[in-house]
Amino acid sequence: MAKTLSNLRLSSNFLFLCTLLFFSITIASAKSDGFSKILSPAKLGLKREKLSHLHFYFHDIVSGRNPTAVRVASAAMTNKSETGFGAVVMVDDPLTATPERNSKLVGKAQGIYASASLDEVGLLMVMNFAFVEGKYNGSSLSLLGRNTVFSTVREMPIVGGSGLFRFARGYAHAKTHTFDIKSGDAVVEYNVYVFHY
């Protein structure tokens, strides 16, 4: 009987130590590591997620005295390449409500595009759509993707945003509205679909 009580105490002590060890590990792993922690979206004032559709026209102006798209770099082979491979262009292109250049300005496309394909005119697009009109004034969307400019419709991802577009994700459909072969100027219709809070 004394042996049974001794075994029971030993088992009880072992179980207590295992439980204590388990909780110690759990608490230590849940503890903040000093630079990050898990938050509830409500702590940031985030409410219900919504889906928005934005429609605008992108004016890429490379000609004239006041271009909005300027080549800032190129490779030794760029001018010999049929696709302009290696060219890097910095843009501050107007975004308007309709295809006419003098229509209502809704924002600017600011960033770069670079010719990234040897086989077709395929651009790497890295830019922000910075809005200046209506409830989205001061907010922006970030686009990062591949734009094969001679495809009828191109789809590129929206990877983030700021202001009312915090935590944005979605996609943009781009469709060339007009392209002037002599000047290189283009107007591109954009339909952007984004989830955001």
Side-chain angles (χ1 to χ4, degrees), residues 48-73 83-117 119-197:
R48 217 181 84 185
E49 192 174 40
K50 54 191 154 283
L51 174 64
S52 294
H53 170 228
L54 292 91
H55 178 253
F56 51 83
Y57 291 85
F58 172 103
H59 296 262
D60 196 48
I61 304 162
V62 297
S63 67
R65 292 184 314 182
N66 297 308
T68 60
V70 178
R71 184 188 287 193
V72 294
T83 63
F85 181 73
V88 179
V89 177
M90 184 67 64
V91 302
D92 186 17
D93 288 342
L95 304 175
T96 61
T98 66
E100 294 73 36
R101 172 63 183 98
N102 59 356
S103 69
K104 184 178 199 173
L105 183 73
V106 297
K108 295 282 198 94
Q110 298 172 327
I112 63 169
Y113 59 78
S115 181
S117 177
D119 304 322
E120 63 183 327
V121 181
L123 304 176
L124 166 65
M125 305 279 285
V126 182
M127 61 184 58
N128 291 313
F129 295 137
F131 298 102
V132 297
E133 180 59 37
K135 73 177 185 177
Y136 298 124
N137 183 17
S139 298
S140 68
L141 289 171
S142 298
L143 178 139
L144 171 66
R146 183 171 188 259
N147 182 351
T148 53
V149 297
F150 292 121
S151 297
T152 305
V153 177
R154 289 86 70 190
E155 183 174 303
M156 293 165 278
I158 298 296
V159 297
S162 68
L164 292 179
F165 292 120
R166 285 186 192 130
F167 296 104
R169 68 192 189 291
Y171 67 95
H173 274 168
K175 182 178 181 184
T176 303
H177 182 268
T178 57
F179 175 67
D180 186 325
I181 196 82
K182 284 185 180 178
S183 68
D185 294 350
V187 177
V188 181
E189 180 180 18
Y190 271 80
N191 279 286
V192 179
Y193 301 88
V194 289
F195 282 107
H196 61 99
Y197 289 93

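With sequence neighbours excluded, no residue forms a side chain to side chain donor-acceptor pair (under 3.5 Å) with Thr178. Every residue two or more places apart in sequence or in another chain was checked for a salt bridge (Lys or Arg N to Asp or Glu O under 4.0 Å) with Glu100, and none qualifies. Scanning for ring-ring contact (aromatic ring centres under 6.0 Å, His included) contacts around Phe179 gives an empty result, with sequence neighbours left out. For the ring-ring contact (aromatic ring centres under 6.0 Å, His included) test, no residue two or more places apart in sequence or in another chain qualifies with Tyr113. Listed by chain and residue number, nothing satisfies the salt bridge (Lys or Arg N to Asp or Glu O under 4.0 Å) test with Asp180 (two or more places apart in sequence, or in another chain). Phe58 pairs by the ring-ring contact (aromatic ring centres under 6.0 Å, His included) definition with Tyr190, not counting sequence neighbours. A search for side chain to side chain donor-acceptor pair (under 3.5 Å) contacts involving His173 returns Glu155, not counting sequence neighbours. Checked against salt bridge (Lys or Arg N to Asp or Glu O under 4.0 Å), Arg169 has the following partners two or more places apart in sequence or in another chain: Glu49. Residues passing the salt bridge (Lys or Arg N to Asp or Glu O under 4.0 Å) test with Glu120 are Arg146, sequence neighbours excluded. Partners of Phe195 by ring-ring contact (aromatic ring centres under 6.0 Å, His included), not counting sequence neighbours: none found.
Among residues at least two apart or in separate chains, salt bridge (charged side-chain N to carboxylate O under 4.0 Å, His left out) pairs with a member in residues 125-135 are Lys104-Glu133. Applying the side-chain hydrogen bond (donor to acceptor under 3.5 Å, both in side chains) definition to pairs two or more places apart or across chains, those involving residues 64-73 are Thr68-Asp93, Arg71-Asn79.
Between Val132 and Leu105, the shortest heavy-atom contact is CG2-O, 3.9 Å.
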*Please walk me through it: do Leu124 and Leu144 pass side-chain contact (heavy atoms from CB on, under 4.5 Å)?*
CA-CA 7 Å; Leu124 166 65; Leu144 171 66; 4.2 Å; yes
*Verdict with reasoning, Gln110 to Met127, per side-chain contact (heavy atoms from CB on, under 4.5 Å)*: CA-CA 5 Å; Gln110 298 172 327; Met127 61 184 58; over 6 Å; no
*Report the C-alpha separation of Val149 and Leu123 in whole Å, then their side-chain angles, then the decisive distance to 0.1 Å, and conclude whether the side-chain contact (heavy atoms from CB on, under 4.5 Å) test is met.*
CA-CA 7 Å; Val149 297; Leu123 304 176; 3.6 Å; yes
*Ile158 and Ser142: side-chain contact (heavy atoms from CB on, under 4.5 Å), yes or no, with the steps?*
CA-CA 6 Å; Ile158 298 296; Ser142 298; 5.9 Å; no
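Within the 4.5 Å cutoff, side-chain heavy atoms of Phe131 are placed close to those of Leu141. Tyr136 has its side chain within reach of Leu54: a pair of non-hydrogen atoms, C-beta onward, lies under 4.5 Å apart. Side-chain contact between Arg154 and Thr176 is present, with heavy atoms from C-beta onward closer than 4.5 Å.
Note that NE2 of His59 and CG of Asp185 are 11.0 Å apart. Values are rounded to the nearest 0.5 Å. From Met125, atom CE reaches atom CD1 of Ile112 across 10.5 Å, with rounding to the nearest 0.5 Å.
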